Amino acid sequence: MEGVLTAKVALAEAAYAIDKPYDYAVPPALCGGAAPGVRVMVPFGRGNRRSEGIILALSRNPAARSLKSLTALLDEAPVLDEAGLRIALWMRDRYFCTLYDAVKAMLPAGLWFSLKDTVKVAGGVDREAAYGAAARSEGARRLLDVLYANGGEADWSAVSLAFGEDDPGPAVRLLAKKNILLSETHALRGVRDKMESVVSLALPAEEALGLLESGKRAAPLRRASVQLLAQAGSLSVKELCYFTGASPATVKGLEKAGVVALSAREVFRRPLRPESGQPGKPIVLSREQEAAFEGISALISRGEPAAALLRGVTGSGKTLVYIRLLERVLARGKTALVLVPEIALTPQLVSIFSSYFPGRIAVLHSSLRVGERYDEWKRIRAGLVDIVVGTRSAVFAPLKNLGLVVLDEEQEYSYKSENNPRYHARDIAKYRCARDNAVLLLGSATPAVETAYFAETGLYRSFLLSSRYNDRPLPRVILADMRRELKEGNGGVISSVLREELEENIRSGRQSILFLNRRGNSRMVACGECGWVPECPRCSVPLTYHSANGRLMCHYCGHSEKDTGRCPDCGGLVKYIGAGTQKVQEELEALFPGVEILRMDTDTVSPSRPHEVLLDRFVKEKIPVLVGTQMVAKGLDFENVTLVGVINADLSLYVDNFRARERTFSLLTQVVGRAGRGDREGRAVLQTFTPDNDVIRFAAAQDYEGFYDSEIALRRIRGFPPFSDLFTLTVSGRDETETLRGCRNLRGMLEKTLGANPGAPELLVLGPAPAPVLKVNNRYRYRLTLMGKNDRKTREWIGWLLRTFRNEKQNRNLSLFADSDSLE
DNA sequence: AGCACGCCGACT
DNA sequence: GTCGGCGTGCTC
């Protein structure tokens, strides 16, 4: 075929407004390796600045116009296949991000490139000529000073640092144009493929041994090595040395003598999960479990896309149903994906799965190192495993021939990404299932109201596991009215009911868990005398104290400063206001002298002392009471725990968010479910100032249906999801009044186009309102909320808004981004 | 977004 | 002349 090989490329440097495939010529030298899904370096824009990109398609075109050429290929093989590229395309359209943003989110961090720019003085240019060229440009002279101080070459980051507030860009370009400077870009990958050297005999065994005999010395290590290799064929150098006691130098010597040959082989950093010894026991399902299993398997056998909800109270054995379904899926030659909210909290789940599917599972979770994660990804891509268990981003695992996706605890918010692209793993899973004719199984004790609604209306099939394992009764739930406690003179955090129950447990050698509901995660700081609170200089939030480094930090922009322990205003001592766990611990220690109280919160948990260690102590040493935050509420089984208490059950209810009720119900239900998984009846004490609140009552009764009925009625009246979809449009800028004005202006644009155009989507517009955190990183944020339908028409219209907004001159200094189903 | 280009005033 | 400041328009 005639013509120029042309690549359509999605670029990292292209902002949302100009994001589209750009055409580049593929130079002959790169034709062999260029393929869709391969990342490349290209020149972009008038200044030909370097940009990373990914090839979307190749075609052979008659050379119509002159195209720029690809500079280099960054991958030897595609990092995304066609299905992967299609997901990225879909994400762009659905989450208002650029295609490359989507690509980046899909790839393991070990595959990301960091671009490093260096600037150096061109060869053959002397100092005098350089300063001559800089002439009267102050920036250029300053740049040369920096470069010469560095031996004529410097990283862009070093140059930026030296320039402080000023932009070194113009100076660099000025001198580059005069051929004084060269600027180069290198793409560095975070993680390399791990290789090991493999050694094998280069000669037939007898000949090799013969060669050794003829040597002058006895060389026992050489002989042993050759003998072992003659038996084993080839071994890694490491193994060979381990078995024979030889050193790498011995091997090198043998290679030099021509006896053995060395080669490199790719290895994975994490060996396949060590088989846990005993394989999983044969599973016997209860009648309900069997019915759910049969129903869902029938969906899988149909080979059509389908979604199902498996609602099962805590302890009803959803996991057993998952395992049987996985067996079924594998038997059909398909693969499966199991998503969990936070894998560190479900170690049991992973080890149970491994015992049933030894050697066939890859695990992707946050505490893996970047390299290990990357290797798991490679293992999946190579088709070496059939099941992937992982957290949110595992939804992109490059499994082929997907048959089933399980989303366990599907109501959890950790499935929604907090940064761009703000995808929800549930949506991606749904999309993949639709494309691969797979079944999406949503599992939960307390499904999201939307999910339950779709199940009710028949969009999802629905299965229920209503009885707990061994038909154990639900824990007895006691509501403690904290108003009355206060009236009766108990100003502490432990109610008299809870105290009595604790007493009984301590006396009988049973264990108890106390749980603190709360708003934030970490410890705040305030002056004990004047009430001063340290604030982030860039964001409108208080700084929080981190005991790990003794610094005050901002969660939004990462600003950190040293904690002096003193108030800068009045010089008073500052107080550390914890999540409250410490206070509870102290009060308990006063109530029960000599009884050990274990505390688990952000302060007592650290990378060196992960919560597993604490929990292990709790179980093994039978520590009577554990006090903790959210992290004690999730998916843990403790045989000996018969009492749980929630210190402030209603706290999360009074948050400005329509999901607050759902969130509180789910949390309390989970906590109550923690009690009494052993052979004794459990009790749960919910302390509240509003014992009559319906959410608290439904949670106390473990009545999901009741909660759902009341919540869906509320949502219907207010038009909240599932009766509408929400979008937020956030305008941000450095100047507060300008930002607010821009947001009003945006509302004006919206109303004009919505009213005038009969084809426009139907949307209700709310706002402008300040974002929950008004200022982040010195940018103010105001936003509009749109209620309507998340369909193609609406999304295209929002896309148009995003592209158009900045074209107006008055919005120059502002930026706008959109999010669907924002959780804030 | 990020950058060049073009036009202007200021400085040498 | 030549630099720097700002407004405008394009990116294969």
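What you are looking at is a predicted structure, and each value in this text was computed from that prediction instead of being measured. Each chain gets a letter, A, B and so on, in the order the sequences are listed, and its residues count up from 1.
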Exactly one of Met91(A), Arg432(A), Arg94(A), Lys416(A) should register a side chain to side chain contact (heavy atoms under 4.5 Å, CB included) with Asp427(A). Which one does? Arg94(A)

Presence of Arg173(A) side-chain N/O under 4.0 Å of dA4(B) phosphate oxygens OP1/OP2: yes

Return the set of residues passing ring pair (Phe, Tyr, Trp, His ring centres under 6.0 Å) with Tyr431(A) (not counting sequence neighbours), or none when no residue passes. Trp90(A)

Considering only heavy atoms, which members of residues 7-22 of chain A lie under 4.0 Å from some atom of DNA chain B? Ala15(A), Ile18(A)

Comparing Arg46(A) with Leu174(A), nearest DNA chain C nucleotide closer to 5' gives the residue Leu174(A)

Is any side-chain N of the basic residue among Asp101(A) and Lys104(A) closer than 4.0 Å to the acidic one's carboxylate O? no

Any Lys/Arg nitrogen of Arg659(A) or Glu450(A) sitting under 4.0 Å from an Asp/Glu carboxylate oxygen of the other? yes

Would you kindly compare Arg812(A) and Asp23(A) by the position of their nearest DNA chain C nucleotide and give the one closer to the 5′ end? Arg812(A)

Hey, are the side chains of Asp821(A) and Phe727(A) touching, using non-hydrogen atoms and a 4.5 Å cut-off? no

Side chain to side chain donor-acceptor pair (under 3.5 Å) filter on Thr785(A), not counting sequence neighbours, yields none

Chain A vs DNA chain C, heavy-atom contacts under 4.0 Å, first-to-last nucleotide span, 5' to 3', is dT2(C) to dC12(C)

Test: side-chain hydrogen bond (donor to acceptor under 3.5 Å, both in side chains). Region: residues 32-44 of chain A. Which pairs qualify, not counting sequence neighbours? Arg39(A)-Asp75(A)

What integer distance in Å separates Asn48(A):CG from dA4(B):P? 9 Å

Pairwise salt bridge (Lys or Arg N to Asp or Glu O under 4.0 Å) hits with a residue in residues 145-157 of chain A, at least two apart: Lys116(A)-Asp155(A)

